[in-house]
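Because only heavy atoms are used, hydrogens play no part in the values below, and waters and symmetry mates are left out as well, while side chains stay in.
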Amino acid sequence: MDKKAADSLSKLLPRLKTFAKDFERADWRLLKNRIENEYETLFYYLHTLYGDHYDFFYYLEEVLKTAIRAQAKRSEDLKKLDKERLKNPHWYKSHKHVGAVGYADLLAGSIKELEKRIPYLKELDVTYFHLMPFFDCPEGENDGGYAVSDYRTVRNDLGSMADIRSLSKKLRKEHISLCADFVFNHTSDEHLWAKKAKEGDERYQQFYYMYDDRSMPDRFDETLREIFPDVRRGNFSWVEEAGKWVWTTFHNYQWDLNYQNPDLFNHILDEMLFMANAGVEIFRLDAIAFTGKELGTTSENRPNAHRLVRALNALTNIAAPAVVFKSEAIVHPDFVNSYISEDECELSYNPLLMALLWEALATRETKLLHHSMKKRFEIHDGTAWVNYVRSHDDIGWTFSDEDAAELGINGYDHRNFLNQYYTGEFPGSFAKGKPFQFNPDTGDMRVCGTSASLTGLEKGINNGNEDEINLSIKRMSLLYAVTMFIGGIPLIYLGDELALLNDESYKENPSRKGDSRWVHRVALDKKSMKARKNKGTVENRVFTNLQKMIAIRTKDPIFMAPSTNFISTGNPHLFSFTRVNEGRILLFIGNFSEHSLQLDNDFIRNIFGSGHTLKELWSDQKVQFMHQIDVNPYQFFVLVKDTD
Ligand code: GLC
Ligand code: GLC
């Protein structure tokens with residue numbers, strides 16, 4: 001250990017030991033061990049963040065006390081989970097995992113009722129369930145719950161903390177890990193800290209970025225992006241009560257937290273560990289990219305954001321080691337990957353794959369998808385992607401302009417095309433999406449809509465066109481198939497499994513009508529749920545397709561393969577990769593166009609060698625290809641050597 005760190009640790013340990021004695025259930029030997037393991041990392045990051053504060057050592061001790069207190073309060077079954085996870089730290093890398101995400105009210109009405117949906121999740125073999133924000137938040141506009149007013153109180157209409165504890169326990173019993181948002185870049189303006197700041201309490205004003213006049217806000221604004229330009233220009237909002245400007249990256253009622261303040265750091269840690277002790281195993285670190293602010297920069301993806309998360313990670317390793325972090329950085333791909341590490345976020349959304357699956361579907365060409373995945377899919381061994389097709393948010397075209405330029409594609413024009421395509425303006429488009437956050441200065445825009453509406457189901461149904469309906473189902477299956485087989489945890493946006501269409505009713509709700517993301521936040525209705533059981537319905541076809549993919553994925557350890565190799569078929573419409581595990585090879589080929597194509601068998605022979613019978617897992621058939629292979633519209637193959 002670094003000498004300064006070791007020196008400070010030797011001074012701190014006796015004090016922490018005395019502190020721990022106050023807690024009956026604190027296991028000092030275990031705590032000491034964990035503190036020693038994490039100390040060098042923790043000291044380094046906290047010192048880098050807060051070393052120049054006169055009271056640095058006070059806060060260093062305080063945060064460790066917060067961790068000790070939380071560990072002592074942890075329930076016996078969570079402590080047991082901690083031990084299991086320490087023995088198997090890469091548990092999330094298993095091919096058995098399937099993720100799903102949804103809202104308590106849209107899925108079931110309340111958290112209590114949600115327990116009754118566990119069998120439904122089991123039908124899809126879900127092992128990871130992300131429950132969308134459920135904490136207390138302002139009535140009316142609250143950004144879908146991403147404006148937290150209290151990290152320890154559940155929104156009234158959804159239930160209580162006791163319900164969360166009970167749900168997490170029941171899920172755990174069914175081997176489903178609960179994932180929840182940790183909305184730590186901002187609180188709502190109704191959070192107690194914000195209320196005190198409004199009243200003029202200086203301690204709490206320092207929890208936020210507050211300014212008396214426009215001089216600092218103006219300087220910051222010069223280099224900041226605008227995330228919700230429809231809502232407000234610039235990144236600061238005037239707070240009448242306090243007579244100050246406050247930093248608000250998102251809506252006016254979402255106040256950005258000031259991590260330059262160690263007092264805040266200690267408070268937020270306490271909130272996070274409280275949630276961990278309620279049974280949250282995976283924290284989705286919301287808006288992680290915005291947490292480090294620095295004058296003269298975009299204040300996105302700054303070194304301090306990484307330091308902050310690394311310090312939090314070390315502290316959870318002490319207090320609640322079962323916990324892992326998932327990064328929500330929907331930013332340039334270089335930066336997405338920068339959060340992924342065992343010491344930072346073990347898991348990360350894969351927004352690039354998501355966006356490029358849609359891109360390939362629109363263009364019918366896979367070159368940008370192939371090129372970008374080849375460059376960027378590989379991440380550290382001990383980490384995993386969370387691969388998704390849709391989420392509760394808009395689709396932003398976050399591919400790298402540099403990658404696009406390497407293929408002769410102009411990023412700006414291409415994004416314009418994609419926006420037109422998915423809002424249905426482009427002639428011949430199958431999609432029925434909605435624009436989101438058009439920025440008149442930059443021309444930037446994103447797109448909303450459910451998978452079903454974006455892949456053509458809505459148009460197909462409206463036109464009474466069976467062929468269009470069939471194509472849409474194939475498109476959905478193709479996109480989901482890639483997320484199931486490519487490597488990482490697939491995440492189903494609940495509603496997609498029933499091919500739910502856009503819901504326009506948000507327009508009648510005054511607090512939602514300005515936010516088109518609500519069009520794809522759709523309730524699971526009884527009728528669609530029932531229809532999944534009637535053979536031949538769209539719901540049934542989409543649901544059983546997913547079940548089939550999941551069964552293929554979870555049964556065969558080939559999907560544990562440590563890496564994925566993207567290979568070019570020579571055909572611009574096909575996307576292909578191989579994965580190798582313990583000598584076995586898997587080959588995926590998917591057709592992103594509505595035309596039948598031919599692929600030369602040499603391509604397959606080069607991969608498997610000649611003279612082998614192959615098995616195609618999706619059709620569950622043995623195949624022996626002739627000279628030419630026919631690939632039907634949107635068809636995909638999942639090939640392995642036949643071993644029977
Ligand atoms: C994340 C959420 C999004 C929210 C934003 C602000 O990006 O996914 O829904 O609007 O953070 O919290
Ligand atoms: C920010 C978030 C992104 C989200 C958007 C709001 O850019 O990082 O996740 O899509 O805000 O929708």
Side-chain angles (χ1 to χ4, degrees), residues 92-93 99 101 130 146 179 181-185 225 227 249-250 282-292 297-310 312-313 324-360 368-406 411 414-415 418 444 446-447 479 482-483 486-491 493 563-564 566 577:
Y92 44 79
K93 302 238 3 161
V101 48
H130 173 195
Y146 283 98
C179 167
D181 285 273
F182 187 47
V183 187
F184 73 130
N185 174 66
R225 233 177 7 130
I227 305 302
T249 300
F250 298 92
I282 302 153
F283 282 106
R284 173 192 179 276
L285 298 188
D286 181 65
I288 184 173
F290 299 89
T291 53
T297 74
T298 57
S299 290
E300 287 181 52
N301 311 304
R302 302 309 301 163
N304 276 356
H306 296 285
R307 293 172 186 138
L308 168 64
V309 176
R310 283 171 181 247
L312 288 173
N313 191 317
V324 297
F325 290 166
K326 173 169 104 161
S327 155
E328 192 255 346
I330 315 299
V331 289
H332 186 286
D334 286 348
F335 293 119
V336 173
N337 289 32
S338 73
Y339 295 94
I340 308 171
S341 145
E342 275 182 88
D343 302 325
E344 197 167 334
C345 293
E346 293 89 341
L347 303 174
S348 167
Y349 274 116
N350 193 345
L352 184 61
L353 176 65
M354 183 279 291
L356 292 179
L357 286 173
W358 290 104
E359 186 268 348
L368 189 54
L369 174 62
H370 169 84
H371 182 60
S372 309
M373 288 304 120
K374 211 177 161 102
K375 262 175 101 167
R376 302 174 184 277
F377 189 77
E378 199 177 315
I379 47 177
H380 306 279
D381 269 357
T383 64
W385 287 116
V386 175
N387 296 313
Y388 63 115
V389 173
R390 284 300 290 117
S391 77
H392 68 289
D393 276 331
D394 45 291
I395 301 176
W397 307 109
T398 57
F399 57 82
S400 142
D401 279 8
E402 303 79 62
D403 295 358
E406 281 157 16
H414 202 51
R415 287 190 184 88
L418 292 166
D444 182 45
R446 284 109 79 188
V447 167
L479 297 198
V482 174
T483 66
I486 198 169
I489 303 177
L491 179 63
Y493 181 59
S563 62
T564 305
F566 298 92
F577 54 81

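Inspection of the Ser400 and Glu402 side chains reveals an N or O donor paired with an N or O acceptor under 3.5 Å. When only modelled atom types and interatomic distance are considered, Asp181 and His130 share a side-chain donor-acceptor pair under 3.5 Å. The closest side-chain donor-acceptor pair between His306 and Glu344 falls under 3.5 angstrom. No hydrogens or angles considered: nothing links the side chains of Asn313 and Asp343 as a donor-acceptor pair under 3.5 Å. Side-chain contact check for His414 and Glu359: at least one donor-acceptor pair (N or O, by modelled atom type) lies under 3.5 Å.
Aromatic rings from Tyr388 and Tyr349 are positioned such that their centres are separated by under 6.0 Å. Aromatic ring centres of Tyr146 and Phe250 lie farther apart than the 6.0 Å criterion allows.
In terms of heavy atoms, Pro351 sits closest to Ala329 at CG-O, 3.7 Å. Taking both residues in full, the closest heavy atoms of Glu406 and Lys375 are given as OE1-NZ, 3.1 Å, listed atom of the first, atom of the second, then distance.
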So Lys374 and Asp403, salt bridge (Lys or Arg N to Asp or Glu O under 4.0 Å) or not? Walk me through it.
CA-CA 11 Å; Lys374 211 177 161 102; Asp403 295 358; over 6 Å; no
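The side chain to side chain contact (heavy atoms under 4.5 Å, CB included) test with Lys326 is passed by exactly one of Leu347, Ile489, Leu285: Leu347.
Inter-residue side-chain proximity for Trp385 and Phe377 is flagged as met; some heavy-atom pair is nearer than 4.5 Å.
Evaluation of the salt bridge (Lys or Arg N to Asp or Glu O under 4.0 Å) rule for Asp334 yields Arg376 as partners, not counting sequence neighbours.
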